[in-house]
A.B. asks: 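This is the structure I want to talk about, given as structure tokens.
Both counts, for ligands and for their atoms, begin at 1 and track the order of listing. As the structure is a computational prediction, the values presented were derived from the model and not from experiment.
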Amino acid sequence: MNGLGSVIIISGPSGAGKSTAIRRILEIRKDVYFSVSATTRAKRPGEIDGVNYLFVSQETFDGMVERGELLEHAGYVNHCYGTPALPVKEALEKGQTVLLDIEVQGAVRIKSVIPEAVLVFLIPSRLSTLRKRLSERSTEEPEVVENRIKTAMVELEQICNYDYVVFNDDLQEAVRELDAIITAARCRRSIRAPQIETTM
Ligand code: ADP
Ligand code: 5GP
């Protein structure tokens, strides 16, 4: 999968603030395309089908996998999540920066297909913050919150695969750092050198 665009993957434990930070980035950067994942989990209040996720049945999800429509897919706390390949390909061909909010297994799979992908791990500097944020978000039952928090430790073990770590303690500071990483990714030689017009 090629093009003039770059791929930025944001991973991090549930409650780290990935969706919130990405929402801010999409407000301030018009050169960024957010990859809308397919998922079998239920829609949360305020989420919009086709904007936050493609909310699909297990049968539909399995069909997407069988037809090879997903660039990667993984299970996360009892649900399936996957990245539709075609929109990513089209955005890269247009030279857009593609932002993916995906978990650690998916990140490694994308990196194996797109080695130039930049991997960012977003996390509060104190893990205890996760429980507080997830409880206050009130979108999951307490049992699901605990499962997600347990998963955080497993996810943290994969931090070695990431290029950057952004602490989301202060949201504005985290968004500033993500913005800087996106800018740096756009300036990489592999992206920029093919754009130089050599006709004199
Ligand atoms: P994720 O997508 O990583 O699961 P969310 O973006 O849904 O996390 O954030 C989890 C909760 O924490 C939300 O209620 C959000 O408003 C809140 N939040 C996000 N970033 C911060 C921050 N820097 N400080 C305080 N609360 C935050
Ligand atoms: P949530 O249910 O909180 O929206 O997402 C749960 C987890 O699934 C998060 O870690 C998120 O990054 C991950 N996720 C979302 N979409 C995808 C995807 O397309 N592929 C993979 N591998 N993970 C995803």
A.B. asks: Quick test: of every protein heavy atom, which one is nearest to atom 27 (C) of ligand 1, and how far off is it to 0.1 Å?
C.D. replies: R133 NE, 3.5 Å
A.B. asks: Can you tell me which residue and heavy atom of the protein come closest to atom 15 (C) of ligand 1, and the distance to 0.1 Å?
C.D. replies: T20 OG1, 3.6 Å
A.B. asks: If the condition is side-chain hydrogen bond (donor to acceptor under 3.5 Å, both in side chains), which residues does T83 pass it with, not counting sequence neighbours?
C.D. replies: E72
A.B. asks: What protein heavy atom is closest to atom 13 (C) of ligand 1, reported as residue, atom name and distance in Å?
C.D. replies: R137 CD, 4.0 Å
A.B. asks: With backbone taken as N, CA, C and O and side chain as the heavy atoms from C-beta onward, which portion of P13 lies under 4.0 Å from ligand 1: side chain, backbone, both, or neither?
C.D. replies: backbone
A.B. asks: Does N168 reach ligand 1 with a nitrogen or oxygen that is under 3.5 Å from one of the ligand's nitrogen or oxygen atoms?
C.D. replies: yes
A.B. asks: Out of all atoms in ligand 1, which are within 4.0 Å of some heavy atom of D169? Include the element for each.
C.D. replies: 22 (C), 23 (N), 24 (N)
A.B. asks: Do the side chain of D169 and the main chain of P124 share a donor and acceptor less than 3.5 angstrom apart?
C.D. replies: no
A.B. asks: If you have a sec, work out which protein heavy atom is nearest atom 8 (O) of ligand 1 and how many Å separate them, to one decimal?
C.D. replies: G17 N, 3.1 Å
A.B. asks: So that I can tick it off, tell me whether R41 and E47 are bridged by a salt bridge, with the cut-off set at under 4.0 angstrom between side-chain N and carboxylate O.
C.D. replies: yes
A.B. asks: Mind checking who shares a hydrophobic cluster with I149, ILVMFWY linked at side-chain heavy-atom distances under 4.5 Å?
C.D. replies: L134, V145
A.B. asks: What does the list of residues with a heavy atom under 4.0 Å from ligand 2 look like, ordered by chain and number?
C.D. replies: K18, S37, R41, R44, Y53, E72, A74, Y76, Y81, G82, T83, D101, I102, E103, G106, R148
A.B. asks: Between E93 and K89, does any NZ, NE, NH1 or NH2 come within less than 4.0 Å of an OD or OE carboxylate oxygen?
C.D. replies: yes
A.B. asks: Do you reckon V118 sits in the same ILVMFWY cluster as I22, going by side-chain contacts under 4.5 Å, direct or chained?
C.D. replies: yes
A.B. asks: Give me the one residue out of L122, L171, I25 that meets side chain to side chain contact (heavy atoms under 4.5 Å, CB included) with T20.
C.D. replies: L171
A.B. asks: State plainly whether the residues R176 and E173 are in salt-bridge range, i.e. N to O under 4.0 Å.
C.D. replies: yes
A.B. asks: Give the atom numbers and elements of ligand 1 that come within less than 4.0 Å of a heavy atom of L171.
C.D. replies: 23 (N)
A.B. asks: What atoms of ligand 1 come closer than 4.0 angstrom to any heavy atom of S19?
C.D. replies: 2 (O), 6 (O)
A.B. asks: Could you list who else is in V108's hydrophobic cluster, with ILVMFWY side chains joined at under 4.5 Å, directly or through other members?
C.D. replies: none
A.B. asks: Check whether any side-chain heavy atom of P87 sits under 4.5 Å from a side-chain heavy atom of F34, and report yes or no.
C.D. replies: no
A.B. asks: Do any heavy atoms of G15 fall under 4.0 Å from ligand 1?
C.D. replies: yes
A.B. asks: Evaluate the side-chain proximity of V165 to F167: yes if any heavy-atom separation is below 4.5 Å, no if none is.
C.D. replies: yes
